[in-house]
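What follows is a set of notes on a single structure, which appears directly below.
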2 protein chains.
Amino acid sequence: METDIRQDVRNKIQSGNFDCAKELTLSMFSGKHKMYILWELRNGDEIHFNQFTRIIPNVSRKVLTNQLNELIQDSIIEKRDYSEGKVKRASYKLTAIGASLIPILTMMYDWGEKRIDQLRIDPVYQTKNFHPDV
Amino acid sequence: METDIRQDVRNKIQSGNFDCAKELTLSMFSGKHKMYILWELRNGDEIHFNQFTRIIPNVSRKVLTNQLNELIQDSIIEKRDYSEGKVKRASYKLTAIGASLIPILTMMYDWGEKRIDQLRIDPVYQTKNFHPDV
DNA sequence: CGGTATCCTGGCGGATACTG
DNA sequence: CAGTATCCGCCAGGATACCG
């Protein structure tokens with residue numbers, strides 16, 4: 001099996017199969033906390049590592065590091081290092097490429113908001129879809 | 001753990017936490033073959049089950065059924081049953097809600113195409129990002 | 001402070017065979 | 001034809017502890 005969509009898409013591209021445009025885009029933010037990270041960075045602000053750990057509910061540092069590194073590898077964000085001696089300090093912000101992804105997230109945000117409103121108003125969804133066997 | 005983003009988002013919404021708009025949207029097409037399915041349906045066409053099995057590379061019927069059913073539960077697609085006697089026949093097409101998702105996929109497609117072009121032109125990505133440790 | 005290193009687990013998705 | 005049923009392997013992501 002391969003559930004790693006990033007690796008999957010990379011392999012396709014490297015082997016000359018470029019028929020995966022949507023999948024490439026999806027793979028940019030399909031990690032569990034990536035949308036959250038990108039959303040926080042959307043204004044162009046720099047955010048420090050420990051800020052993320054405080055903002056994102058229940059992320060371990062390992063997982064956070066991992067998500068950030070993947071975003072860096074994909075040229076979506078970039079890291080700045082402020083370390084002095086033993087005290088490390090790092091901040092992250094969007095690259096130009098990453099910034100170009102924000103409109104998509106905004107559309108997704110809008111779509112989701114509207115859909116949530118529908119779901120709150122129309123209780124049919126609750127019974128018909130949230131409990132399909134009723 | 002819970003990697004099931006659909007369930008995750010549902011739980012949030014049902015428990016009154018509506019702060020997951022983007023995640024809800026993402027959860028609509030984060031199954032492995034869902035984007036492919038939606039893309040094929042984007043014109044409003046009806047597509048039969050076995051057409052999908054031929055179009056999508058290497059899907060088992062179980063997985064395909066599963067992806068289709070999740071999309072139905074989420075009111076993204078709807079099923080029509082043509083069965084006569086023992087011979088089953090089913091087709092699937094977008095709902096209005098599903099159709100409203102297509103512009104997002106289109107944006108993702110466009111973004112991915114542009115990004116792929118960049119990657120083909122700029123070999124730096126190959127060394128710097130596809131092999132981060134070089 | 002900002003990471004690594006280890007170990008572990010739930011569940012997605014694949015393979016295969018059976019059914020109406 | 002269009003599914004179920006069953007079994008299984010893999011890996012993202014969580015917990016925890018250590019490091020410079």
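Labels below follow one simple rule: chain letters A, B, ... track the order of the sequence lines, proteins then strands, and each chain is numbered from 1. Computed from heavy atoms alone, side chains included, the values below leave out hydrogens, waters and symmetry copies.
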- Does OP1 or OP2 of C:dG2 have a side-chain N or O of A:Y92 closer than 4.0 Å? no

- Query: Between atom CG in B:D8 and atom P in C:dG10, what is the gap in whole Å?
  - Reply: 16 Å

- In terms of side-chain heavy atoms of A:F49, which of D:dG13, C:dG20, C:dG2 is nearest? C:dG2

- Step by step, would you call A:Q51 with A:R54 a side-chain hydrogen bond (donor to acceptor under 3.5 Å, both in side chains)? CA-CA 5 Å; A:Q51 285 183 281; A:R54 272 182 275 120; over 6 Å; no

- Query: Whole Å only: how far is the CG atom of B:N69 from the P atom of D:dA5?
  - Reply: 12 Å

- Message: Over all strands shown, is A:Y82 touching base, sugar-phosphate only, or nothing at heavy-atom distances under 4.0 angstrom?
- Response: nothing

- Message: So B:R61, base contact, sugar-phosphate only, or nothing? Heavy-atom distance under 4.0 Å.
- Response: base

- Query: Across the strands shown, which category fits A:G31 at heavy-atom distances under 4.0 angstrom: base, sugar-phosphate, nothing?
  - Reply: sugar-phosphate

- Message: What's the closest nucleotide to the side chain of A:V63 if the choices are C:dG3, D:dG3, D:dG13?
- Response: D:dG13

- Task: Return no unless some side-chain N or O of A:Q67 is found under 4.0 Å from OP1 or OP2 of D:dG13.
- Result: yes

- Measure the distance from CG on B:D4 to C1' on C:dT9 and round it to the nearest whole Å. 15 Å

- Expressed in angstrom and rounded to an integer, what is the separation of A:Y36 atom OH from D:dG13 atom P? 16 Å

- Item | Distance in angstrom units between A:R80 CZ and C:dG2 P, rounded | 14 Å

- Query: Think B:K32 has a side-chain N or O under 4.0 angstrom from the OP1 or OP2 of D:dC11?
  - Reply: no

- Query: Within this structure, what is the CD1-to-P distance between B:I5 and D:dA12, rounded to whole angstrom?
  - Reply: 16 Å

- Message: Measure CG/A:L64 against P/D:dA15 and give the value in whole Å, please.
- Response: 14 Å

- Item | Ion pair B:K34/B:E70, N-O distance below 4.0 Å | yes

- Message: Between A:K86 and A:H33, which residue's closest nucleotide on DNA chain D lies nearer the 5′ terminus?
- Response: A:H33

- Item | A:K62 side chain near D:dA12 phosphate (N/O to OP1/OP2, under 4.0 Å) | no

- Chi angles and distances behind the salt bridge (Lys or Arg N to Asp or Glu O under 4.0 Å) call for A:E84, A:R89: CA-CA 8 Å; A:E84 301 179 7; A:R89 206 116 237 287; over 6 Å; no

- Note on the structure: To the nearest angstrom, the CG-P distance between B:N66 and C:dA15 comes to 15 Å

- Message: From the set D:dA15, C:dA15, D:dG3, return the single nucleotide nearest to any side-chain atom of B:S60.
- Response: C:dA15

